Each structure stands twice: as C-alpha cells, then as structure tokens.
Amino acid sequence: MSAPQHDLDIALAAPPAQQPPQSPDDAAPRASAGASPETPQSVTVAGGGLLGMVLALRLAQTGHAVTLLEGAPRGGGLAGEQSIGGLDWDRFYHVVLLSDGRTRALLDELGLADRLQWGTTRTGFYTDGAMHSMSDTLEFLRFPPLSLLDKLRLGGTIFAASRIRDHRRLERISAIDWLRRWSGPRVLEKIWMPLLRSKLGDNAPLASAAFIWAIIARMYAARRAGLKRELFGWIDGGYAIVIDALQRRLDAAGVRTLHDARIVSIAGEASGTVATLADGRRIEAERLVSTLPVPVFASVCAGLRAEGRARAEAVVTQGIVCVSLLIEQPLSPYYVTNVTDRWVPFTGVIEMTALVPPARFGGRSLVYLPIYLPQDAPQWAQDDATILEPCIAALERMHPHFRREQVIDAKVARARHVLAVSTIDYTERAMPGLATGVPNVFQLNSAQIAQGTLNVDETLGVVEQRLAELRRAMQAGSKVAR
Ligand SMILES: Cc1cc2nc3c(=O)[nH]c(=O)nc-3n(C[C@H](O)[C@H](O)[C@H](O)COP(=O)(O)OP(=O)(O)OC[C@H]3O[C@@H](n4cnc5c(N)ncnc54)[C@H](O)[C@@H]3O)c2cc1C
C-alpha cells in the first residue's frame, strides 16, 4: 500500500481497503445552512493559507465584513506555487485522494471539477542501497529486507490499526513502543523507524501511536475498493488555480485581502481587536480569527494567558526544506520512493511526473526531495547551494542513469511550521482550542486536526466542523474567553 502524499512519504503493501471511498456528496453541508440570524461583525482573518482563505469566504458569505491578512505576496501558504524552469507548479507536492470529499466539493464549488485528473501510481522503496518496487501485495511479499514472519507482523499491524476507531487511547503510548509491540524489533528497525524519521526527523520519538494510526487510516481511505493500486488525483494547473479561483470568490464576496501584510502583533480587548503589521499599519476589527501556525500566533499575541501559552508551547511543530528539480528525463516509474538509508539527505523522492503525464511538463520530469526537520535543525541556516549539493549527489548514487547535467532548474522551498506533531496526550495537553483567552481573538488552524494527518481535506474539515461554533463564539464576543 502506498501512502499518497506528504503525510505519507510512507508506502507499504497491505491488505485491501476496508472503507469505501467517499464521494463529494459525502461532504458535510456548509455551516451557513440553517444558522440562526447573527449580527454582522467586522472580522480580521489572520493568515491567508487555504484555511484562512476558505474561512474568510465562509464568514463573508454569512454577512460579516472580513479583512484577510497574509504575510506573503500571494495567498495559498503551503499550497502556493513556484516557478521552476518556466513551469509554474506547487512548491510542495500535492495529490488529491478519492476519499477527499471536502476538497472535491471545493473544486466543484469553484468550477474546477474538470481540472481534477486521476491516475494510478507505483511505489518504490530504496533500502540497503537497492531500489525495490513495492506497489502491490505481490511485490510486498517479495520484498527482500523482511522475512515472511516480519511481513505478516507488518500486515497485521496495519490491519489492527485500521480496525481501531477510538484513536484517543493510542495517544497515551508512543508510536515506537506500539509499533515494536505489534510489528517486532526488526520491522520497527527496517520499516517503521525510517518512515517515522522520514516524517518527523529527530521528533520521531515524540510521536504517539495516534500518528501512525492516522496515517494508516488515510492510506486505507486512499484505496479504491477492489483496486490494489492507489488512484491519485492531481489538479491540472496545480493548486495555484484553486488559490486564484478562491481569491476571485473572496473579491466577489467583498473580502478585503491584504498581501505582504505580515502581522507582528495581535491584541484583543472587550472593545475589539487590533492586528499590527510589520509596516506599522493597524487593522482594527470587532473580532479576529488567527489561522497562523500556533508558534507564530503565540509569538505575536502578547496577551495570551498562562494556560493558552502553556498549550501553545506544548505544540511541537515540524518543518520542511523541500528541493524541487526539473530534469530532462524521468528518474523512476515511482510516484513515491521511500528512502530508508540514512546516508541519503532526503527521506523520500516524489516524482510528480510518475502521476502527471510528462507531456504536461513539456516532456520534462518534476521531482521533489523532502527533508522534514525539527525546529533546531542546522539546515534552517543553510543556503540553497548547501542544501542542493548533497541532494543531487545522493540522487546520482541512487539512480546511476541520472547525472546532474540533466537538471534544468532547481529550487529550494522552506516552511518552518508544517504540522503539529501528535505527541503523547496531544489532545489533552496541547491541542489549541477555539477560544484563546484573549478577548475577541479566536484561532482555527491545522493543529486542531484531531483524528487525521495534515492535508487539504482535513484542513477544510477544520473550517467545516468548527464554523458554527466559531460564529456562536464570535456573537458571544469577549464573554467566551477562558
Ligand atoms: C510538503 C507538503 C506536501 C503536502 N502534500 C499534500 C498532499 O499531497 N495533499 C494534501 O491534501 N495536502 C498536502 N499538504 C498539506 C496542505 O498543503 C496543507 O494542509 C494546507 O495547505 C494547510 O493550509 P493552512 O492554511 O492551514 O496553513 P498554511 O498554508 O501554513 O497557512 C498559514 C498562512 O499564514 C501565513 N502567515 C504566517 N505567519 C504570518 C504572519 N506573521 N502574518 C501574516 N501571515 C502569516 C503564511 O504565509 C500562510 O499563508 C502538503 C503540505 C506540505 C508542506
């Protein structure tokens, strides 16, 4: 089984899917439907990633006067684009799963449903200096680094996790302990540890078993019933076309969007809120909703009280440095190649053109090399050349037919806060609430994704599931501060 996206630069063969995929019709209705009348308010939405953009749209659709503040020159955040060799495409790789009902509903709403294309992919595994295909159950059974017993235990672990409905009890045990118990030490060492490290780097020992559970649940949801290979969706034009269409909707709905509007301070009082920008502008509103990453919010919101600050500090975020290469010819037939050898500086290879027909990219191949990092990693201080050189050298060693001369263009993208690590007792100890303790200041962000991994669909789910509660809290105003 192959895990499809950034949350899953993990790929394993596994038993067939248990859950039928959702259709767009499965998406819950928007929270605006049937809500009681509410007083229109002026609202600042801080952060113009997908979550902030969709939230701003929903609030404007329910009559509020919304100002959206985004620090970058364009909206979209992690789903934003870059230009590489004249090709405009996502700076971080994205796929859509059949089970991503909310994402598909959003594409429908934006008139982009026909831009969603589907394809099957293969998965590779680079381990002990050799490349293995691990795209179906047969290949998994042949996978040399594991004995038959190991494979049974691995399959059993995945199956057991897929049967668990209440992930909360898994939050009490570390992923490593849980995996050792179910899979045994060899599978832990050969498969799970490299995969955990690939996602969480040095934060891997901090993850609870709920993290693995969430990944496995999404892997299962990714599989079309009866199909032994994944069906992945890609958006023709990349997420940039979604962001552009969303921006047009925001403009039409009367949302005032400010780009290059980096927030340096957020303050809230009973009388209203103020967001101060780096250029000194002050944006006042009755309410403010932050969609900023938790550590950024905590750093700009000086009025956060002790409990809110303690919870924010308990959130451990994971970052990414991601190399993109546009190369003359395909590297491999695999969309995801999981890399378990520790000398390789990246932890996976995502070859977009193993999914998107290379003709779409003028016959060239687009490859991403993700390096997931904790906050204190030395790579944050390194320049592009220092990041690139060892990555290209490693790719030459892994793929003897690949030479650096084939690289047409290379880019390095960095995001300091990509996801909140599912630490032990995360929901109890760290997960931020809607109320911040600062009057009239609320937060909605991906750190509130309780039962899933970071992806666009879960991000949209945060808005969908909490919008009604947010609107009620906004109406109640400063009384909700806890
Ligand atoms: C490598 C990678 C691969 C991925 N692959 C997939 C995939 O295959 N499928 C999938 O569905 N999802 C994928 N995702 C996840 C998806 O991109 C995210 O779920 C989604 O984009 C998160 O949106 P967000 O608005 O919550 O966060 P962000 O995009 O982080 O938005 C936060 C916004 O706040 C802004 N901001 C920060 N500080 C300030 C400040 N001080 N002032 C003003 N603005 C500020 C930022 O610029 C940003 O725009 C991937 C993510 C990554 C990193």
Side-chain angles (χ1 to χ4, degrees), residues 3-9 44-56 68-81 90-97 99-100 102-104 106-107 198-199 218 222 230 232-235 238-239 242-243 246 257-266 275-279 283 290-301 317-324 335-336 346-348 350 352 355 368-373 413-420 443-449 452-463:
Q5 61 184 46
H6 101 284
D7 38 331
L8 329 193
D9 313 334
T44 299
V45 173
L50 278 176
L51 198 158
M53 292 180 86
V54 171
L55 175 65
L68 176 62
L69 302 179
E70 166 53 41
R74 267 176 59 78
L78 297 175
E81 68 180 329
D90 304 1
R91 63 194 178 114
F92 301 114
Y93 43 95
H94 283 81
V95 289
V96 180
L97 307 190
S99 49
D100 286 346
R102 298 183 196 96
T103 309
R104 297 173 64 184
L106 180 67
L107 293 175
S198 79
K199 183 64 185 144
R218 187 159 166 84
E230 308 86 348
F232 285 168
W234 56 281
I235 298 170
Y239 258 94
V242 180
I243 293 157
L246 255 176
T257 306
L258 303 183
H259 290 138
D260 285 319
R262 189 167 65 80
I263 300 164
V264 292
S265 148
I266 288 175
T276 307
L277 306 185
D279 60 11
I283 311 297
S290 169
T291 73
L292 304 173
V294 172
V296 177
F297 174 67
S299 72
V300 299
C301 190
T317 57
Q318 187 71 18
I320 186 171
V321 170
C322 187
V323 168
S324 309
Y335 172 66
V336 176
F346 42 83
T347 50
I350 299 4
M352 210 62 216
L355 174 64
Y368 296 91
L369 309 174
I371 311 168
Y372 287 99
L373 294 169
R414 297 170 177 80
R416 196 79 196 219
H417 304 291
V418 169
L419 90 162
Q443 64 177 329
L444 275 192
N445 55 50
S446 61
Q448 293 164 343
I449 297 173
T453 53
L454 179 74
N455 55 69
V456 170
D457 209 68
E458 298 279 1
T459 301
L460 297 176
V462 172
V463 178

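Numbering of ligands and ligand atoms starts at 1, following listing order. These figures come from a predicted structure and were not determined experimentally.
Ligand 1 has a nitrogen or oxygen under 3.5 angstrom from a nitrogen or oxygen of Y93. When only interatomic distances are considered, the shortest N/O to N/O separation between L51 and ligand 1 falls below 3.5 Å. At under 3.5 Å, not a single nitrogen or oxygen of A72, backbone or side chain, sits near a nitrogen or oxygen of ligand 1. Any N or O atom pair closer than 3.5 Å counts here, and R262 shares no such pair with ligand 1. In terms of N/O distances under 3.5 Å, ligand 1 is not approached by V296. Looking at T291 next to ligand 1, no N or O pair under 3.5 Å apart turns up.
Within the structure, the closest approach of C322 to ligand 1 does not fall below 4.0 Å when heavy atoms are considered. Heavy-atom separations between N445 and ligand 1 are all 4.0 Å or longer. Note on ligand 1: A278 sits outside its first shell, no heavy atom being nearer than 4.0 Å.
The contact set between ligand 1 and I320, taken as ligand atoms under 4.0 Å from a residue heavy atom, comprises 1 (C). Contact atoms of ligand 1 toward G77: 29 (O), 48 (C), 49 (O) (distance under 4.0 Å to a heavy atom of the residue). Near A261, meaning under 4.0 Å from any of its heavy atoms, are these atoms of ligand 1: 42 (N), 43 (C). Taking a cut-off of under 4.0 Å to the non-hydrogen atoms of L454, the atoms of ligand 1 that pass are 19 (O). Of all atoms in ligand 1, listed by their number and element, those nearer than 4.0 Å to a heavy atom of G71 are 43 (C), 44 (N), 45 (C). Against a heavy-atom cut-off of under 4.0 Å, N455 is close to the following atoms of ligand 1: 10 (C), 11 (O), 12 (N), 15 (C), 19 (O). Distances below 4.0 Å separate heavy atoms of G49 from the following atoms of ligand 1: 25 (O), 29 (O), 31 (O), 33 (C), 49 (O). For ligand 1, the atoms closer than 4.0 angstrom to any heavy atom of G47 are 34 (O).
The parts of L78 lying near ligand 1 are both backbone and side chain, judged by heavy-atom distances below 4.0 Å. Contacts between P370 and ligand 1 below 4.0 angstrom, taking non-hydrogen atoms only, are absent altogether. When non-hydrogen atoms are compared, ligand 1 lies under 4.0 Å from neither the backbone nor the side chain of V264. Of all the heavy atoms of V418, the ones lying under 4.0 Å from any atom of ligand 1 belong exclusively to the side chain.
Put simply, OH on Y93 and OH on Y335 are 7.5 Å apart, with the number rounded to the nearest 0.5 Å. Between the CG atom in L78 and the CG atom in L51 there is a gap of 11.0 Å [rounded to 0.5 Å].
Side-chain atoms of H94 and I235, non-hydrogen and from C-beta on, never get closer than 4.5 Å to each other. When side chains are defined from C-beta on, L277 counts as touching I263, because their heavy atoms get closer than 4.5 Å. Residues V323 and F346 fail the side-chain proximity criterion, which asks for heavy atoms closer than 4.5 Å. Residues L454 and T459 form a side-chain contact, since some pair of their non-hydrogen atoms from C-beta on lies under 4.5 Å apart. Considering only heavy atoms from C-beta on, L373 stays 4.5 Å or farther from R416 through its side chain. Contact of the L97 side chain with the N455 side chain is not registered, since no non-hydrogen atoms from C-beta on lie closer than 4.5 Å. Contact of the Y368 side chain with the D90 side chain is registered, since non-hydrogen atoms from C-beta on lie closer than 4.5 Å. Using a 4.5 Å heavy-atom threshold, the side chains of V456 and L106 count as separate.
When I263, L97, V54 are ranked by how near their heavy atoms come to atom 40 (C) of ligand 1, first place goes to I263. Nearest to atom 8 (O) of ligand 1 by heavy atom, out of V95, V456, L460, is V95. The closest non-hydrogen atom to atom 35 (C) of ligand 1, taken over R74, Q448, M53, E70, comes from E70.
Judged as a salt bridge (charged side-chain N to carboxylate O under 4.0 Å, His left out), and not counting sequence neighbours, R262 has no contacts. F297 is linked by a ring pair (Phe, Tyr, Trp, His ring centres under 6.0 Å) to nothing, counting only residues two or more places apart in sequence or in another chain.
When atom types are taken as modelled, the side chain of T291 and the backbone of G47 share a donor-acceptor pair closer than 3.5 angstrom.
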**Prompt:** Would I243 and L246 count as a side chain to side chain contact (heavy atoms under 4.5 Å, CB included) if you check the C-alpha gap in whole Å, the side-chain angles of each, and the deciding distance to 0.1 Å?
**Reply:** CA-CA 5 Å; I243 293 157; L246 255 176; 5.6 Å; no

